[in-house]
Every structure is written in C-alpha cells, then in structure tokens.
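First comes the structure, then the notes that go with it.
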Amino acid sequence: AAELAQYCLMLGDDALIYAHRLSEWTSNAPDLEEDIAIANIALDLVGQARLLLARAAAADPSLVPSLPEGSPVPDEDRLAYFRDAGEFRNVRLAEVPNGDFAELVTRLLVLSTWRLATLQRLVDHPDAVLAAIAAKGVKELAYHRDFAGRWFVTLAGGTEESHRRLTAAMATVWPLIPELETGTAVERAVGVDPASVAPEIAVVLDQVLATAGMATPDAPALAGVQGRTGRDGMHSEALSRLLAEMQVVARAHPMGRW
Amino acid sequence: AAELAQYCLMLGDDALIYAHRLSEWTSNAPDLEEDIAIANIALDLVGQARLLLARAAAADPSLVPSLPEGSPVPDEDRLAYFRDAGEFRNVRLAEVPNGDFAELVTRLLVLSTWRLATLQRLVDHPDAVLAAIAAKGVKELAYHRDFAGRWFVTLAGGTEESHRRLTAAMATVWPLIPELETGTAVERAVGVDPASVAPEIAVVLDQVLATAGMATPDAPALAGVQGRTGRDGMHSEALSRLLAEMQVVARAHPMGRW
Amino acid sequence: MQVDQAPLEEAFEATIAGNDRIEPRDWMPEKYRQTLIRQVAQHAHSEIIGMQPEGNWITRAPSLRRKAVLLAKVQDEAGHGLYLYSATETLGISRDELTRRLIEGKQKYSSIFNYPTLSYTDVGTIGWLVDGAAICNQVPLCRTSYGPYGRAMIRICKEESFHQRQGYELLMTMMRGTDEQRAMVQESVDRFWWPALMMFGPPDGDSPNTAQSMAWGIKRHTNDELRQRFVDMTVPQAKALGVTLPDPELQWNEERGAHDFGEPDWDEFWAVVKGNGPCNAQRMAHRKAAYDDGAWVREAAMAFAARADSVGRD
Amino acid sequence: MQVDQAPLEEAFEATIAGNDRIEPRDWMPEKYRQTLIRQVAQHAHSEIIGMQPEGNWITRAPSLRRKAVLLAKVQDEAGHGLYLYSATETLGISRDELTRRLIEGKQKYSSIFNYPTLSYTDVGTIGWLVDGAAICNQVPLCRTSYGPYGRAMIRICKEESFHQRQGYELLMTMMRGTDEQRAMVQESVDRFWWPALMMFGPPDGDSPNTAQSMAWGIKRHTNDELRQRFVDMTVPQAKALGVTLPDPELQWNEERGAHDFGEPDWDEFWAVVKGNGPCNAQRMAHRKAAYDDGAWVREAAMAFAARADSVGRD
C-alpha cells in the first residue's frame, strides 16, 4: 500500500504541478479558443490530481502532513498545500517555468503522449480506484495530445518565426524526456515501468515530428543531482517558487474552510 | 507613541518593499557597475527598514505580530514577515512590478527625491532614534538620487530607443506621484507632511526633466479604492504576490533561527 | 441612388413593437446597428477583461476543489466573450477589429473590473455581488430585440447564475470557518458593495442613451430600476450570510415596499469610466501584452491554413 | 621582420624564477598570455554566474539581517567579477568580448554553479564549502606570477574568507534552531560536499595543463594537493557544526597525517563540465537574457558619452 501511495503521488504531482503551469496561461493565450482549451486541459489535470492524491492518502495515511487538531483541511489539500518541494514527486518537465506558446505546445505534446501511454496501461490495474482514474484520464489525455499535436504541426508549417520558435522550444524540452523514461523502483513495482512505454512514446513523437517535418533534437539528458531527479524529490530551482505561490493562501489558514 | 510607530512603519515599509523590487534586479542589470549600484541602494534601504521597523516595534509593541511562545524571531522580522498585505503601509509606487531599466531609473528618481526631502526634515525630529535614522539615510539617499538622476539624463539623451523607453516609463510612474504627496493624518501629526515637501519635489524633478529635455507627463493620479491607497493598507494586486515570495521561508519556520 | 427606406423602417419598427427579434439579415437603422455594436462589444470586452481580476487567484486558490471551480469559471468567461464577439460579428465587424478597438481604448468594458482583487475572498464576492448585479442587468437582455444578442444572453445568464451561487457558497463556507476568514469576507464585501451598485450605470437623469435604447428594445429597464432590484435581492442574502453592507442609509421602506439606500460616489464612478480607476492601465496593458505576444501564433495559424487551403485546391 | 626574442624570454624566465611579478607592459610568451586570459576570464565568469544560485534566495531570505548579508555578498561577487575582468583587460581583451565568449559557450566558468540552490540553507553551505574550496584554490594565486591577477586575488581572498565565515555562521545558527532546520543543513551539505571536492579539478593524472601552469607560476599547487588541504581543513569544521559529511571512506590516516577520502564521481564532473549539468542551460540563458536586455542601455550610455565628448571638444 505504501508503494501504491507513492505511485499515486507521482502521477498526482505530475498533474497538479503541470496544471499550475498551464493555469498561468489563463488570460494570456494567443486567442480565446486557445485560452479556453488550455484552461480545459488544466482543469482535467487538477481533476486527476485530486483523485490521485486522495487515493495516495487513503493507501498510506502516514504520507499526509499533519495539521493542528481539528483542522478541516481534507487530505487531498494537505498533500497539495502542506508538502515542501523536496516531498513532491513530479518529473521536472512538469515544473519548469513557462516559455512561449511553442514551448507550451511542445511540452504538452511530450507530457500528454507519455501520460496517455501510461494511463492506457493502468486501465487494468489491480487497484480498482487507480484503474478507474486511469480510464477517465485516457479520454482526457487523448484530447490534450490531439490539441498539442495539431498545434505542433501548425507551428512547424506556419511562418519562419513559428518554425524558429518551435525549434527553440524543442531544444528546451527534449533534455527533460530521458527523465520521464528512466523510472523508479516504485513505478516498476506497482505501476507502469516508464522504460516499457518509452518505445511507444518514441513512435508517437517520431510520427508527429515527421508530419511536422521537424528533426529530433540531439540533446543530452538534463542531469539530476547525484543521479537524483524529480521522482526522487530532487527538483529544479523553479519548484520552490511555484509552491510559494500555490500554497500561500492555504498555508496562511491551516484551520480554514474553503 | 502609537502614531510614531505607525509613522515608522510607513517609512520602513516603503524602504523594505522597494528594496525587494530593487533586489530583483540582482544579476539582471545592464552591466556590472549598475548591478553593483542597484544592490547597494537595495542594501541601504534594507538597512533603513530594519531600523525603522525596530523603532516602530519599540514605540508600540502591540503592532508586532505574535508568534508561538518561545519563538526567537526578532521584532523587525515579525513585522517584515508576519504581516499580511493589508497591514503594510508603503505607498503603491514602492510595490508595483519592475519594468525595464528606464522604469527603474524613473521610479528611483521619484522615490529617492521624495524620501530624501522627507528625511532631511526628520533630522531634527523630537524622537532621537528617528532623527538618527534620518541623518544616516540622508547621505544614502543623496547617492540614490544622484545615480537615478544621472541615468535619467543619459537615457533621455542617449538613443531614440532609450528616449522612447524613458517616456513610457514616465507614463507609468507619474500617476503614482500624487499618492506620495497626499499624506495621512499620521504623517501630518508626527512626521513630515508630504504636502509640505511636494513643492520641493516638484522643483527637483522639474530641474532634472529640464536638464534631460523631457516634458512632464500630463497623467491623472492612479485612483485608490474608495479613496484609500497604500498608506491606508489598500494596495495593488502586486503586493500580495511580492509578499508570498518574500515571506515564504520565514513563515515556514516561525520557531526558526537564522 | 437613394433607396426608399420607409417600408424597411416600418417593418423594423413593427418588429420592435411586436417584441419580435431583429435578425442579422434584416434591415436595421444604422444607429441601431452602431448602438448594438457598442453595447455587445462592451459586454464581450467585459467578459475578457473580467478574466483578469479572478484569474489573479487561480494559482493561489486555497483548495484543489476551489481551484477547479475558479478555473472553470474564468474559462466560462472566455466562452462568454467568444459568443458575444460572434454576436457582434453578425453586425458586420470582426473580432480582431473589436480587440483592436478595446486595446486602443476606443471601446470600453465594465468599470467593475478596474478594481483590484486583494484576497482570495474577492473571488467569492465577485461571484455573489458582481455576477449578481450582472444577472440583474442581463436577464432582461435575454428578451432584447437583436436575435443573436438575446440568444447569447440566455446561455450566459444560465452560467452566470451558476457562478453567482458558487461565489455565495464560497463566502458562506468561509463564514463557517475561522474568525480571520469571517473578517476577510466582511472586508471584501465592504470593498465591492459600492462598485457593484455602480455597475448599473449612472442615475437615470445622467444616462442620456437609456431612452433610445429602451425605445429600440435593446434595453428593457432603466439603471435605477435595476439597481433597486439588485439591492432588494441582495439585502436578505447579506443577512443570511452574516455580513453588514457598508451603507448606513440602507433600510427597508415599508411604504415603497423596497429598500432605501445611499448614493454611490459618482465622482469615483466617472473617474474610473474615464480610465483613472485603480487598475484600468494594468488591465489594458495585460490585454495588450497577451494580444501582442500571441500575434506570431495567429499569423502562423493563418499561414498554415492558407497553405493547407491552396494544397486542397490543387 | 623577426625580433630576436631570446633576451625577452630570458628576462621573462628570470622574473618567474625569482618569484617576481610579470606586469602588463612586460614582454610575455603568447601561450602564457593566452593561458592567463583563459584562466582569469574563467575566474571572472565564475564570479558573475555565481551570483545566480545565491541570488535566487535574496528575495526569500528569512530575516532582514540575512537579506542584507546575502545582498552584500552577491554584490561582492559582482565586484570580484569587475576586478577580474579589469585584470583580464590588461592582457589586451575587452570585457565585452569576454562576455560574448562566455555567452557563446567559448569560455567556461566553475562547474559548481551548475548545481541548483534548493533551499535557503544552500546559501550557508555555499559560503562554507564552496567559498571554502575557492579560498583553498585562490590563496596560492595571490602569489601568482601575473601582477594584476595576483593583486586582484589578494582583495578577493580577503572578502571570500569573510563570506566563508558568514556561511558557516548561518549554518551554525540554524543548527541551534529547530529539528527541521538541522535536517535542512544536513540535506544541503549532502548535496554540496561532492561538487565542492570537484571544484579542485580532475585528479592530477587527468589534468594536462597543471604542469605548464605551475612552471609559469600561474598555479602553485596541484589539484590533488589542494583537495587534500580542503578536506583536512573542513572535517573539524563539520564536526563542530554537528553534520556528517556524506563519505563513508572519510577517516583520519595517522600515518599520512591527513584524511583519507572517497573518490568523487568523475563521470558527473565531466558531464557538468561539458555543459550537461542540472543548471548549465539555465545559467547561460539567464546571463544571455540579462546581457541582451541591457544592450539598449549600454548603447544609450555610449551614444550619450559620445555626444558629451563631441560637445566638450567644440
């Protein structure tokens, strides 16, 4: 159960943290249609995060940060708002600061391709709750990937400027892909081994890149610290800043009702 | 004593909050000399803030936020780190987000001219502590104003681009000047009535603008909310975001020693 | 060559008189068209600018449930903007042109969005008071004489009243929380009460366009009528919530069967309308930055579509 | 026309042999000049890039006293960068050219700054371990053969050792704080210990330039000698602090009169040197953005100065 909880935390944190980055786009997108679509994707991911964090808390209550006696803050929010950066288990690609719209499209393409492949395999997971979360998520992720894929092709074949920006975005996103594929003992034990989905991700990305006429960047992996990366709680400098913002109101009111 | 404390809080918060904005420039300035100069100005203002907040706490201990029994956090830090946005008394010009270097120069010119004129009058204040803080501050502020004034003239007479940016910066800064000159009952009672320094500020700014060949912007005052502005605890949306960052580590450790 | 407009005008007047809808293909007086463009565009702009004050708190929402609710609400506002721009486009003007008019300050948006949101509580207060006032203004517009506008309003009003209930529910929940939370609710209501009353526009005596708009069936009630309706609706809600409305003159008038209430600060109102509110410059700068930053994306999409199109035609 | 270099070379060698300083006007071998440019520029770049990891915490410093200390420290680093660029300029290359070489990745900076700062504690750890290691490297450089470099190092070392004491004092204070704070100190030391050891460069066997640099008096000790000195200096400090250094092989060797210690992960070292550390791209992007954003200011200053100059000459 402790491992299942850890695994749900990983998937939940990916969703929560990337939803935060997506939500920063609200009222800043290139046009209304994209503003709505991005908010929608963020909303799906917040929904997934809630279910996954709740599942993690149920599977291993010892994970849940304790608050003063009588606090009405529910478990999902204790996990979201009362953990520090080193306790988050998301991959770093979910947390790095936003760039331009090309960066959004590229990152979303990679993350949604990866997450879709993962959730598809979790649909039959022995844990019925996780399986149900995955089944719901698969439909959502298919839309996310489709949105990203269409824009990826559009930007690739749009103007010189959009092509240039997409190339730059790929250079920043690609070094974070190996981290997605490495995986941890927990993932291998109770979830989907990322190494086993890596070939599928490669096929999908190759296909999109081929359609778009973009070359795969030849970028080495972004190193961790002593081999440890996001899944191990070793993050980039960006995460603590993100959390300072995300958690500020909740932490000011540990006894608050919302 | 309550009014003196409030007054020290106003002057202290101006220094603390603007020092924060200045410190955001660290490692981002146009050249090393400016990076050093801006850090120096921020450092002077942090120093002034510490003395003023400590004086406020001593003059009216009821102002100081209470922390758990036995907390070693000193009064100056309780005031800096454990008040919410609505309890800060700085003018809004101190808190609005940074723009480009022209904005830095313009804002610093206005704020340092105003603060220098104020501190010069406080040198003879009946409160010996405040008078001493003012005497020290006058020397520092003279340097800040000089730095800003020289760059103001340089940007005005530099390139078309720098002239255009300076004009735009003035358009964002000028609407916040009337708030500096309005003043509150507290300032009139125990400090320097801002209305009484307004003519001197106008003379200095006119002089700098004349040397630079820049026209005074014809900008109406930035309104408050129901007539209330920074001195009344009514701030812009930027302050709560600034504080979320500034206070995050201190608030996570109310019993911490640093 | 002058076409004889008399029969067209007669048909238009008959439609208005019969409370029927004018549709995009129908003839309409140029002033009617311009008035509608101004009003519907202003409404659309209000939805888009209105995303900012609440959007300010999405990343800081204090629970995941509230984060989802707020994200969905701000997304709805973008959706409303979209319908309303579409309705305006049926009057012969493009969304891009409307956006340019907004950014250049040639068209306005609701002044309420020029006030800052200073705590998360403001999300609830905006839902309760601001959406509440908007609904009072908008429900009659569901019967407005221009078809596309009326139909957009029906959908929008349904969602707005959902938002209003969500806002009220947030405040109600906070009132059951800590003393600090209750104080936050009161403080927020104190700040938004008067600006909410101003949302109905100046007193009838100072509202020169009202008469014509009512004659055309674009508007259905005067500003003061709607303001009174809002106050009467809100006072019992405030009581149930346990907050005080910051108006010492507010009291029930048995004779009128309505509440008496104080006069908003109309100087403040006009200052904000003229662009000098606390956030006008900030809201416009934000909108302009998003529009400018997105230009290359819109251009890329157009270039891509044009290429796909020309390939399709080959 | 070939000048006879023999007497010049002889004079140069004599100066080196006598442990005297080479000054900018003195003749020097071209390879000596190039080696110095590379080394002093790398040192200057390290100071400038080194502002970022600590600067990351200025706005979040948990007390006003610490905020002032940190601001002053990062400012000192900018100052060190300034002296060192000036020293490099005496070798006939401009600061602007050096900055371009940095941004284009043609010159390096110390790899330690490619590790992230993940808590405020890292400010203390960097002061203690990173500045500590820097001092071990730099104290001998005060006697380096090139005059301007040696004199800059004297001033820099004085300030660095002040920073080192401040960093150690922060950690010491935190160790007297809460359990959580003590855990933060240990976690931070665990992350920085090995990268600090790597600051002395690869093992002597893999350091091909060391011999020539020592012969020229640019360098005074081998990498391994300095690393040993650092370990021996730091172990008792760690004990006084109450933290464990994360090396199971670390122990006093009575025979050698020095500590034995484990081997750093040299694969990690070379990966970071080659640009693939956790923050290389981020640090370079930050530096490049600041440089690019400042271009219009530097141009304005030059244009203004040129105008003032031409007026002065009229």
Side-chain angles (χ1 to χ4, degrees), chain B residues 16 19-40 42-43 46-47 49-50 53 72-74 76-77 79-81 100-102 105 151 153-163 165-166 242 245-253 255-258, chain D residues 47-52 54-68 70-72 74-79 81-82 85 95-96 99 119-121 124 170 173-178 180-181 184 286-287 289-291 293-305 307-308:
Chain B
L16 175 62
H20 183 102
R21 289 297 180 212
L22 289 170
S23 73
E24 290 177 332
W25 275 95
T26 302
S27 82
N28 291 304
D31 219 334
L32 287 177
E33 288 79 355
E34 287 74 54
D35 218 305
I36 292 170
I38 296 167
N40 210 43
L43 210 43
V46 170
R50 293 182 65 187
L53 295 185
V73 175
E76 64 179 46
D77 291 331
L79 283 169
Y81 293 101
D100 62 10
F101 188 73
V105 164
W151 268 109
V153 173
T154 303
L155 296 182
T159 60
E160 248 177 70
E161 173 75 357
S162 69
H163 192 276
R165 285 175 182 262
L166 192 65
L242 181 157
E245 179 173 342
M246 186 177 102
Q247 298 176 332
V248 63
V249 180
R251 287 198 177 200
H253 302 277
M255 301 297 285
R257 283 180 202 278
W258 305 101
Chain D
E47 296 284 356
I48 300 308
I49 297 289
M51 296 170 71
Q52 292 180 40
E54 288 173 282
N56 184 31
W57 291 92
I58 291 175
T59 53
R60 291 178 283 176
S63 79
L64 295 182
R65 178 174 151 251
R66 289 294 172 192
K67 190 187 286 279
L70 182 54
L71 253 171
V74 176
Q75 188 192 28
D76 280 349
E77 288 164 358
L82 208 51
Y85 282 128
R95 195 207 298 180
D96 208 53
T99 302
S119 83
Y120 185 75
T121 321
L170 167 59
T173 307
M174 288 183 68
M175 292 302 285
R176 287 199 310 266
T178 63
E180 218 178 345
Q181 287 186 298
M184 286 166 74
H286 181 125
R287 190 74 206 98
Y291 184 74
D293 289 351
W296 70 270
V297 179
R298 297 190 300 273
E299 280 158 24
M302 277 191 297
F304 184 81
R307 202 160 306 151

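Just so it is clear: chains get the letters A, B, ... in the order the sequence lines come, proteins before strands, and each one is counted from 1.
Comparing D:R176, D:E299, D:Q52, D:E77 by heavy-atom pairs within less than 4.5 Å of chain B, the highest count is held by D:R176. Of the listed residues (D:H286, D:M302, D:M175), the one with the most heavy-atom contacts under 4.5 Å to chain B is D:H286. Note: D:S63 leads D:S63, D:A303, D:A301 in heavy-atom pairs under 4.5 Å with chain B. Of the residues considered (B:Q247, B:E245, B:E161), B:E245 shows the highest number of contacts with chain D, using heavy-atom pairs under 4.5 Å. No other option in B:V249, B:T159, B:V153, B:L32 has as many heavy-atom pairs under 4.5 Å with chain D as B:L32. For the set B:V46, B:D77, B:T154, the count of heavy-atom pairs under 4.5 angstrom toward chain D peaks at B:T154. If you tally non-hydrogen atom pairs under 4.5 Å between each of D:A290, D:G55, D:P62 and chain B, the highest count goes to D:P62. The candidate from D:I58, D:L64, D:V297, D:T173 with the greatest count of non-hydrogen atom pairs under 4.5 Å with chain B is D:L64.
Within the 4.5 angstrom heavy-atom criterion, only backbone atoms of B:A29 (N, CA, C, O) approach chain D. Both the backbone and the side chain of B:F101 have a heavy atom closer than 4.5 Å to some heavy atom of chain D. Within the 4.5 angstrom heavy-atom criterion, only side-chain atoms of B:R165, from C-beta onward, approach chain D. Residue contact with chain B, scored on non-hydrogen atoms closer than 4.5 Å, involves the backbone and the side chain of D:Q75 alike. Within the 4.5 angstrom heavy-atom criterion, only side-chain atoms of D:V74, from C-beta onward, approach chain B. If you measure heavy-atom distances from B:V73 to chain D, you find no contacts under 4.5 Å at all. Contacts between B:A42 and chain D at a heavy-atom distance below 4.5 Å involve backbone atoms as well as side-chain atoms. Interface residue D:R66: only side-chain heavy atoms are found under 4.5 Å from chain B. For B:L242, no part lies under 4.5 angstrom from a heavy atom of chain D. At a 4.5 Å heavy-atom cutoff, B:I38 makes no contact with chain D through either its backbone or its side chain.
With contacts defined as side-chain heavy-atom distances shorter than 4.5 Å, the pair B:Y81/B:M246 qualifies. A 4.5 Å side-chain heavy-atom check between D:Y120 and D:L170 finds at least one atom pair inside the cut-off. Looking only at side-chain heavy atoms (C-beta outward), B:W258 and D:R65 stay at 4.5 Å or farther from each other. In this structure, the side chains of B:E24 and D:T59 come closer than 4.5 Å at one or more pairs of heavy atoms. With contacts defined as side-chain heavy-atom distances shorter than 4.5 Å, the pair D:R60/D:K67 does not qualify.
Looking at D:R95 and B:E33, a side-chain N of the basic residue comes within less than 4.0 Å of a carboxylate O on the acidic one, giving a salt bridge.
Atom CD1 in D:I48 sits 6.5 Å away from atom CZ in D:R287 (nearest 0.5 Å). Atoms CG and CG, from B:D35 and B:N28 in turn, are 7.5 Å apart once rounded to the nearest 0.5 Å. Rounding to the nearest 0.5 Å places CG of B:L53 at 7.0 Å from CD of B:E76.
Listed for the D:R298 side chain is a donor-acceptor partner under 3.5 Å among the backbone atoms of B:P30.
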Note to self: Assess the residue pair D:Y85 and D:D96 against the criterion (side chain to side chain donor-acceptor pair (under 3.5 Å)); give the C-alpha distance rounded to whole Å, side-chain angles, the decisive distance to 0.1 Å, and a yes or no.
What the structure shows: CA-CA 10 Å; D:Y85 282 128; D:D96 208 53; over 6 Å; no

